[in-house]
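Counting begins at 1 with the first residue of the sequence. Just so you know, ligand 1 is whichever comes first in the structure, and atom 1 is the first atom listed for that ligand.
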Amino acid sequence: MRIGVLGGGQLGRMLALAGMPLGARFRFLEYRSPAPVDGLGEIVRARYDDPEALVRFRDGVDVVTYEFENVPDASARYLDEALPVHPPPAALEFARDRKHEKEGFGRLEIPAAPWRAVETREDLAAAVEAVGLPAVLKTRRLGYDGKGQVVLRASGELDAAWEAVDGRPSILEGFVDFRRELSIVGVRGRDGATAFYPLVENTHRKGVLVRTDAPAVDVPPEAQATAERYAGAIMAHLDYVGVMALELFQVGEELWANEVAPRVHNSGHWTQDGAVTSQFENHVRAVMGLPLGSTAAVGHSVMVNLLGALPPAAAVLREPLAHLHLYDKAPRPGRKIGHVNVSGPDRDAVLAAAARVEAACPDEAGPV
Ligand code: AMP
């Protein structure tokens, strides 16, 4: 089976590396050169909205998936007319517009921070009245890794915040005094079967994920079941096929939804070495219509993102529990260029090895 992937970054690279043993072949639509998927399949080197390239990309693939959510609507719908597109274009629309996403959480009765839509400067003042301060102003679209976001602490900051988002359609969200950030990665097959990885704990620096501890420890009772119910409700609502991540805030003992990623997710990278089946393999299985693999963790894992600069490979590889995953991307300050998974049966040994890996990272303090 030939799988067409919109996008050719590290997620596409890891999908191909996991899918090839299942007999899948890959074709990517990717305009950048070089790209992390170079050498892993055919590449149609063009923009995602290039009509002629979309024809070439579509011709001869059996199923289409994507590795990022900012695929133009028209492109996803064009492909959807002729081929199965997994997850469906509706999932892109849900996840890519924060207003739709929040409305979806409300409809599915999934708790989230209080919020208001903001179209104008006057709306912003009204939203601050309704939501209170501190709050976070986020552009509805094209926000990720903390981009397109500004924290508002005092009413004197409204003009500056509105300027910081360039007056774009946004939402204002109450600032959540969370205990920690968790996420759940789930997968849904073509037959509607679902499986969920254990909840993991994510550490961010300046809005960017730097580390995942898996499975999360000390999760409140019922939290795993609750998170599965929320993620499962979203997937069922969207008639989803593939891997989806739901980022959560733990507030006291409760879980509040933050955002959905309609694709394999950075907080699921640990599954490559720390779960029976990786999120990448499970995504490929799902889109190919194959049975899903076990999502059980095989021990404890820490995933350390490599941002901006690489540690010496030997410093990582001399750790017997560590696995190095490089994306073949040029180092640039703050750029995700690889990750290290440290996995093993003994949690203390995993934490100690992860600390040594972090210490070996030149970028540890983070220029992000
Ligand atoms: P997002 O792009 O919405 O996932 O936001 C990136 C990061 O900013 C999150 O992982 C949190 O660390 C932080 N953040 C986002 N929204 C809020 C909020 N309402 N309250 C507190 N922190 C937030």
Please determine whether any non-hydrogen atom of Ala135 lies less than 4.0 Å from an atom of ligand 1.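 No, that is not the case, since the closest heavy atom of the residue is not under 4.0 Å from the ligand.
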Which ligand 1 atoms, with their elements, are less than 4.0 angstrom from a heavy-atom of [X]?
X	answer
Lys138	3 (O), 15 (C), 16 (N)
His204	10 (O)
Val176	18 (C), 19 (N), 20 (N), 21 (C)
Glu173	16 (N), 17 (C), 18 (C), 19 (N)
Phe178	21 (C), 22 (N)

Any side-chain donor near an acceptor of the partner, Ser183 and His265, under 3.5 Å: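 No, because no side-chain N or O of Ser183 sits under 3.5 Å from a partner of the opposite role on His265.
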Going by heavy-atom distance to atom 1 (P) of ligand 1, choose the closest among Gln149, Glu181, Glu247.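 The nearest heavy atom belongs to Gln149.
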Which bit of [X] is near ligand 1, meaning a heavy atom under 4.0 Å away: side chain, backbone, both or neither?
X	result
Asn202	neither
Arg98	side chain
Val136	side chain

Exceeds 12 heavy-atom contacts within 6.0 angstrom, atom CZ of Arg2: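 Yes.
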Would one find more than 12 heavy atoms of other residues, nucleotides or ligands at under 6.0 Å from atom CD of Glu103?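 Yes.
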Show the numbers, then the answer: is there a salt bridge (charged side-chain N to carboxylate O under 4.0 Å, His left out) between Glu119 and Arg140? CA-CA 10 Å; Glu119 301 284 326; Arg140 278 173 59 174; 3.1 Å; yes
Report yes or no: is the cationic atom of Arg153 (NZ for Lys, CZ for Arg) closer than 6.0 Å to the six-membered ring centre of Phe175, at no more than 45° off its axis?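 Positive - Arg153 is close enough to the ring of Phe175 and near enough to its axis.
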Side chain to side chain donor-acceptor pair (under 3.5 Å) between Gln272 and His339: does it pass, once the steps are laid out? CA-CA 11 Å; Gln272 291 171 309; His339 67 272; 2.7 Å; yes
If you round to the nearest 0.5 Å, how far is CZ of Phe178 from CD of Gln250?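 The CZ atom of Phe178 is 11.0 Å from CD of Gln250, to the nearest 0.5 Å.
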Check Arg13, Lys329, Arg45, Arg32 against Asp38 for a salt bridge (Lys or Arg N to Asp or Glu O under 4.0 Å) and give me the one that passes.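 Of Arg13, Lys329, Arg45, Arg32, salt bridge (Lys or Arg N to Asp or Glu O under 4.0 Å) with Asp38 is met by Arg45 alone.
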Going by distance only, is there an N or O of Gly174 that falls short of 3.5 Å from an N or O of ligand 1?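 For ligand 1, there is an N or O atom that lies under 3.5 Å from one belonging to Gly174.
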